Amino acid sequence: MKRILASVTDGKGFDIGLVLLPLAFLFAMSGLPLVYNVVMSFQEVDMFSLGSIVRPFVGFKNYVDLFAQPETRPILLNTALFVSASIAGQFLIGFGLALFFWMNFPGASWLRGLFLVSWVMPGLVVGAIWNWILSGDFGVLNFFLRETGVIEGNIFWRSDPNYSLWAVIIANIWLGTSFNMILLSVGLSGIPKDLYEAAELDGANALQRFFTITLPMMRSTIGAIVALGLIFTLRQFDLFAGITSGGPNNSSNVTQYWAWDLSFRQYDFAKGATISVIMIVFVMLASVVYVRSTRHEVRG
């Protein structure tokens, strides 16, 4: 007993205890629900067996039935479009803003801070705001497009199947642009100024300096941002609940919202868990990319 107490009071035992306590909490709050979700995807689960631990084991039947449903393919395509368009839009606009504020003009600091408002706002609040902006009758976006001559009549962004998914994409790009801008600004600030001065003395123009210095030096930062963007976009739920609710006719439905709809509206908990497991695989792949992108920073 004295040896155990001594190991806790010395530096080594105390450090191990500090690590084990958060790991135990993380396993209890995240690890166990994750394992439970994976197990449930291989079981037959309904309203009557939800409270039971032991349920009928069905193997890969839930996965086979899920991909046999006619709505699975369109929803997966919606998810791919939502993720790729959101990440591309957030990155391109965020990178442009980061380069703009990198010039360090008077007032750049407080103006850059204003862009963080979108990131700290709750998703449902953002969804409610964009609900008004995207309104077909009195929306600000339609008014702006009409006044600039881009469109002649109103576009019903939320109820038109051709535009409903893009309505959520636009809102999600606005929501995540500031996060990309801040991380890219940090990456830009880490590039030595001497490289640009030497390249300028050698006759390189601004475009050449961007492609030969900025992009190569930002490679790890870009990889981390894309990986984090994939994780955050795959877990985006609030905007769909606040703007389109996956409609009309699943035209704006994606996997994360579909998993919730199957579980808590249709009470098909096994199918909802199956979709969640598929999403976990993609999140884990993105996490590997993120860890590899930031590995040298940890070592440094």
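Note that the structure is predicted; figures quoted are calculated from it, not measured. Below, all heavy atoms of this structure are taken into account, side chains as well, without hydrogens, waters or symmetry copies.
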As an exercise, state the distance from [atom1] of [X] to [atom2] of [Y], rounded to the nearest 0.5 Å.
X	Y	atom1	atom2	result
L99	T214	CG	OG1	7.0 Å
S84	I169	OG	CD1	7.0 Å
I155	W166	CD1	CH2	13.0 Å
L76	I278	CG	CD1	7.0 Å
L183	L228	CG	CG	7.0 Å
I170	L165	CD1	CG	10.0 Å

Between [X] and [Y], which heavy-atom pair has the shortest distance, and what is it?
X	Y	result
A199	I213	CB-CD1, 3.6 Å
N250	N78	O-ND2, 3.1 Å
N253	W258	OD1-N, 3.5 Å
G242	L124	N-CD2, 4.5 Å
N37	S276	ND2-CB, 3.4 Å
F156	G136	CD2-CA, 3.7 Å

In one Ile/Leu/Val/Met/Phe/Trp/Tyr side-chain cluster, 4.5 Å: [X], [Y]:
X	Y	result
V38	L234	yes
L77	F82	no
V64	M40	no
M103	L97	yes
I275	V39	no

Determine yes or no for a side-chain-to-main-chain donor-acceptor pair under 3.5 angstrom, with [X] supplying the side chain and [Y] the backbone.
X	Y	value
T148	L145	yes
Q208	N205	yes
S189	V186	yes
Q256	T233	yes
T72	L66	yes
S263	W260	no
N180	F95	no
R146	N154	no
D160	N162	yes

Taking the side chain as everything from C-beta on, heavy atoms only, tell me whether [X] gets closer than 4.5 Å to [Y].
X	Y	answer
V45	N62	no
M121	I129	yes
V140	W132	no
L175	Q90	no
P248	R158	no
Y163	L134	no
K61	E44	no
Q236	D238	yes

Under a 3.5 Å threshold, yes or no: a donor from one side chain and an acceptor from the other, between [X] and [Y]?
X	Y	value
S164	S251	yes
K271	Q69	yes
W157	N142	yes

Hey, what's the ring geometry for Y257 with F237, parallel, tilted or perpendicular (30° and 60° as the breaks)? parallel
Does the plane of the ring in F60 sit parallel, tilted or perpendicular to the ring in F42? Use 30° and 60° as the thresholds. perpendicular
Among N131, V126, T244, which residue satisfies the side chain to side chain contact (heavy atoms under 4.5 Å, CB included) criterion with L239?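 In the set N131, V126, T244, the residue that makes a side chain to side chain contact (heavy atoms under 4.5 Å, CB included) with L239 is V126.
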Give a yes or no on whether [X] atom [atom1] has more than 12 heavy-atom contacts from other residues, nucleotides or ligands under 6.0 Å away.
X	atom1	value
Q266	CD	yes
F25	CZ	no
M284	CE	no
F282	CZ	no

Criterion ring-ring contact (aromatic ring centres under 6.0 Å, His included) on W102 and F210, from CA distance to verdict: CA-CA 13 Å; W102 193 35; F210 177 76; 9.5 Å; no
Which one of F91, W174, F232 satisfies the ring pair (Phe, Tyr, Trp, His ring centres under 6.0 Å) criterion with F179? F232
Step by step, would you call Y63 with V277 a side-chain contact (heavy atoms from CB on, under 4.5 Å)? CA-CA 10 Å; Y63 292 86; V277 172; 3.3 Å; yes
